[in-house]
S.K.: 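The structure is given below, and queries will be raised subsequently.
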Number of protein chains: 2
Amino acid sequence: MTKAAIHRAARQRLDLYLRERGLRRTSEREELLDCVLGIPGHFGPDEVLSALKRAGYRASLATIYRNLPVLCAAGILRRTCLSSGEMRYERALGAEHHDHLICEQCSTVVEFQYEAIEVLQEAVAERYGFELTNHHLELIGRCRACRDAAEDRRVAP
Amino acid sequence: MTKAAIHRAARQRLDLYLRERGLRRTSEREELLDCVLGIPGHFGPDEVLSALKRAGYRASLATIYRNLPVLCAAGILRRTCLSSGEMRYERALGAEHHDHLICEQCSTVVEFQYEAIEVLQEAVAERYGFELTNHHLELIGRCRACRDAAEDRRVAP
DNA sequence: CTTCATGCAAAAGATTTGCAAGTTC
DNA sequence: GAACTTGCAAATCTTTTGCATGAAG
């Protein structure tokens, strides 16, 4: 999906969502949508505020707080909770599902997909009578670079 | 592991941890430890406060906030972050590792273990050069009871 | 008697909310 | 015009901190 196609699809989805619930199409919501789609990776309300300002819009934090959940409900964003406890948003529309590998030393986050794990998750859910709608998997450890660095220190301090 | 054995092991582990770092063995820390081990499942600082009061101890929230991380570092508790964004603690010592199935309707949390998934996680980590130390997996969906309830409503409203 | 811990209250963040004014439908 | 939104500021909630007092080693 190209960037333009994502913007178009998101706009459409938001409009539909708003219409369905009798909510209103405001310029703030459209500006928010535009900015949010331009942020790569994870972000929080404050990053959104910066992005809006950078784009020349003035928006209030309150409006951001009120509307990020709307974008989630519309399926454009998704909330993810890092195991550090931070709550962040990320693009859901046009972004394949992925999970996270996190280096506990340098905080690098690598996104990955692994179909086989998802298949097993369905198996677990079935065993317990659950119907899955979502999941979060976070693998925490040390990346190659940090391991190498540790190794170097041991050999030549 | 019996309940008494867990208490003993936890006490021992805490003492060791404190001694190693030149920290002190205080009655507050022991009371906290006792209460925390008695709480089933997940809990937050306020639940700990209630548990302490119920046990007839008076402790301050500040002390709880200061010492839950100590119990984590000592390997007695572990922090887990539900995808709702709530940060909670749970017993780590004497509790096998498990992951969570969460019903998004009734918030039921089912703990499960599934070795095959963990094996695949190692495979992913290896592919990306990571050495795993931990992971969090949360499967989110609807439990049987909530699905049945929904079904009933459709058939006989 | 030195260092660390506690309790309290104040501070700091993060998120939510009440309300008047402005917009959308 | 009725209902929904926004921005602001005040209110909440959760977590952290400064400081004086008390306890541990």
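As the structure is a prediction and not an experimental result, all values here were calculated from the model. Chain naming here is simple, since letters A, B, ... match the order of the sequence lines and numbering starts at 1 in each.
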S.K.: Rounding to an integer number of Å, can you tell me how far E28(B) CD sits from dC4(C) P?
M.R.: 17 Å
S.K.: With the sugar-phosphate defined as primed atoms, P, OP1 and OP2, and the base as all remaining atoms, what B/S/- string results for nucleotides 15-25 of chain C, 5' to 3', for protein heavy atoms under 4.0 Å?
M.R.: SBBB-----BS
S.K.: Of the non-hydrogen atoms in A10(B) and L37(B), which two are nearest, and what is the gap between them?
M.R.: CB-CD1, 3.7 Å
S.K.: dG7(C) C1' sits how many Å from R29(B) CZ, rounded?
M.R.: 14 Å
S.K.: Ignoring hydrogens, what is the shortest heavy-atom contact between L52(A) and A59(A)? Give both atom names and the distance.
M.R.: CD1-CB, 3.5 Å
S.K.: Take a 6.0 Å sphere around CD of E111(B) and say whether it holds more than 12 heavy atoms from other residues, nucleotides or ligands.
M.R.: yes
S.K.: Students often get this wrong, so: under 4.0 angstrom with heavy atoms, is R58(B) touching a base, only sugar-phosphate, or nothing?
M.R.: sugar-phosphate
S.K.: R11(A): which residues meet the salt bridge (Lys or Arg N to Asp or Glu O under 4.0 Å) condition with it, sequence neighbours left out?
M.R.: E30(A), D34(A)
S.K.: Tell me: CD of E30(B) to C1' of dT6(C), nearest whole Å?
M.R.: 15 Å
S.K.: Is L16(B) isolated, or which residues cluster with it under the ILVMFWY side-chain rule of less than 4.5 Å, directly or via members?
M.R.: none
S.K.: Applying side-chain hydrogen bond (donor to acceptor under 3.5 Å, both in side chains) as the test, list every pair that has at least one member in residues 37-51 of chain A; sequence neighbours left out.
M.R.: H42(A)-E90(A), H42(A)-H100(A), E47(A)-R88(A)
S.K.: If hydrophobic residues (ILVMFWY) are linked whenever their side-chain heavy atoms come closer than 4.5 Å, directly or via other members, who joins Y114(B) in its cluster?
M.R.: L101(A), V110(A), F112(A), Y114(A), I117(A), L120(A), V124(A), Y128(A), F130(A), L132(A), L137(A), L139(A), L101(B), V110(B), F112(B), I117(B), L120(B), V124(B), Y128(B), F130(B), L132(B), L137(B), L139(B)
S.K.: Mapping S60(B) and R21(B) onto DNA chain C by nearest heavy atom, which one lands closer to the 5' end?
M.R.: R21(B)
S.K.: Within the supplied structure, the quantity of interest is the number of heavy atoms (other residues, nucleotides, ligands) at a distance under 6.0 Å from Q12(B) CD; does it exceed 12?
M.R.: no
S.K.: Name the first nucleotide and the last nucleotide along DNA chain D (5' to 3') that come under 4.0 Å of a heavy atom in chain A.
M.R.: dA3(D) to dC8(D)
